[in-house]
Protein chains: 2
Amino acid sequence: MKTKDRIMEFLRGFIEENGFAPSIREIACHLRFRSTKAVKAHLDELADMGLIEKRGGIARGIRLKERGVPIIGRIVAGQPTLQFEGVEGHFSLDRWKGNFLLRIKGDSMVGANIEEGDLAVIDKDREPRKGDIVVGLVEDETTVKRLDKEKGRWVLKPENPNYSLIDKDFQVIGVVIGVIRSYYK
Amino acid sequence: MKTKDRIMEFLRGFIEENGFAPSIREIACHLRFRSTKAVKAHLDELADMGLIEKRGGIARGIRLKERGVPIIGRIVAGQPTLQFEGVEGHFSLDRWKGNFLLRIKGDSMVGANIEEGDLAVIDKDREPRKGDIVVGLVEDETTVKRLDKEKGRWVLKPENPNYSLIDKDFQVIGVVIGVIRSYYK
DNA sequence: CCTCCAAGTAAACATTTGTTTACCTAAATA
DNA sequence: TATTTAGGTAAACAAATGTTTACTTGGAGG
């Protein structure tokens, strides 16, 4: 069962580096196999196991099922080294494909733990509801605020007591469905 | 110049859907071209323009330069519809490849705008410095806190006045180099 | 010790797919 | 109007690559 692990490892590395999957012969070569037959068998089994997707007859038609960065379940202290066990899942940007990011300016949403420089993930098709954090267009200016209703009127509320509520006319451009922050540039 | 846009659009869609690039013939077919020659010429030019990477002689050896989700520079209000102009760049998980994610439990770091449920991006190889937010291992428990030095002694500081500082022995497992938050599941 | 079998070898085979050469055509240009 | 040329057509060509068949082999198990 070790061979399949080596294949998966190779696939991960190769795809990350090249952006496309290796050919069966390249895999065979890496494993020091002299035939492609065994590799194909392993790949078919990996596909059955649900670890990869494989399109028959198509060159380099392999895709990993696990995409993105692994989410670790638990960290345990082995003797000298650490172990990261239990991959709870993988986080991938796939779920945010088709949307776009908007960089946060100012600190009007710190109350919602959104700070300057953060990237807000915007879904412009999602229907905005009361309580959602949204991108609003107010007099040609865009701001990220929380959508609320006061006295039957839609308003944009900052999450910082130093800023005041916006109850002018505005247009909701999209809903903030996520936040990405990157320290150290 | 319209044709190249159509090619790029097709590439984006195809790659997102299948996980690998289309063959030249598939592109030609999509554009309703009867020859592959023109497509290859366009692809070579796109590579020269720096929009794609292309590996000669390799099946489906195309990779988009723009990976991930676009970061919008500005939003302007066109008459009825909106326009998202100026792609400032693209955010990709590539930069975080090789690291892993840890889900935040508790609210001890709200002062740093990290809340429960957030995914902390952990770099276990980065050298921790004073002021960094780190993952610490204290008596077989992992916590995310800010690394600080008090009276010549390393300590872990929460960013929430309701929690108290940890000055027991601990081990730094990694540095938090980013945060990902996803609303709506 | 013999049998069986998973796993690999070897060698073709059949497509898929990138590349190339020669030619065509309509629109821009002189 | 004659010429040029970007961009496409057509048809081969040459690799790259998935697939298949027949054969070998080292070790687990009876």
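Below, read A as the first sequence line, B as the second, and so on, with proteins coming before strands; counting in each chain starts at 1.
A donor-acceptor pair under 3.5 Å links the side-chain atoms of R181(A) to the main chain of N113(B), judged by distance alone. With R153(A) contributing its side chain and D167(A) its backbone, the two residues share a donor-acceptor pair below 3.5 Å.
A salt bridge is absent between E141(B) and K105(B); no separation between the charged side-chain nitrogens and carboxylate oxygens falls under 4.0 Å.
Between H42(B) and dG8(D), a side-chain N or O to OP1/OP2 separation shorter than 4.0 Å is present. In this structure, R60(A) reaches the dT17(D) phosphate: one of its side-chain N or O atoms is under 4.0 Å from OP1 or OP2. For dT19(D), one of the phosphate oxygens OP1 or OP2 lies less than 4.0 angstrom from a side-chain nitrogen or oxygen of K54(A).
For the pair I58(B) and A38(B), nearest-nucleotide mapping onto DNA chain D gives the more 5' position to A38(B). Of the two residues near DNA chain D, D44(A) and S35(B), the one whose nearest nucleotide lies more 5' is S35(B).
Atom-to-atom, CZ of R55(A) to P of dT17(D) comes out at 18 Å; the value is rounded to the nearest Å. Per the geometry, CD1 belonging to I27(A) stands 14 Å off C1' belonging to dA16(D), to the nearest Å. What separates NZ of K37(B) from C1' of dG7(D) is a distance of 9 Å, to the nearest Å. Regarding L31(B), its CG atom lies at a distance of 12 Å from the C1' atom of dG8(D), rounded to whole Å. Note: NZ (K40(A)) to C1' (dA10(C)) measures 17 Å, nearest angstrom. Following rounding to the nearest Å, R25(A) (CZ) and dG8(C) (P) show an atom-to-atom distance of 17 Å. The distance between atom CD of E26(B) and atom P of dT15(C), rounded to the nearest whole Å, is 17 Å. The separation between E53(B) atom CD and dG18(C) atom P is 16 Å, rounded to whole Å.
A donor-acceptor contact under 3.5 angstrom links the side-chain atoms of T36(A) to the base of dT19(D).
Here G56(A) lies in heavy-atom contact (under 4.0 Å) with sugar-phosphate atoms only. Looking at heavy-atom distances under 4.0 Å, R34(A) makes contact with sugar-phosphate atoms alone, never a base.
Distance from the side chain of F33(A) is smallest for dG8(C) among the nucleotides dT17(D), dG8(D), dG8(C).
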Begin from the C-alpha positions of L165(B) and K145(B) and carry the test side-chain contact (heavy atoms from CB on, under 4.5 Å) through to its verdict. CA-CA 9 Å; L165(B) 170 151; K145(B) 297 283 183 297; over 6 Å; no

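In the model, Y184(A) has a side-chain atom that pairs as donor or acceptor with a side-chain atom of D132(B) under 3.5 Å.
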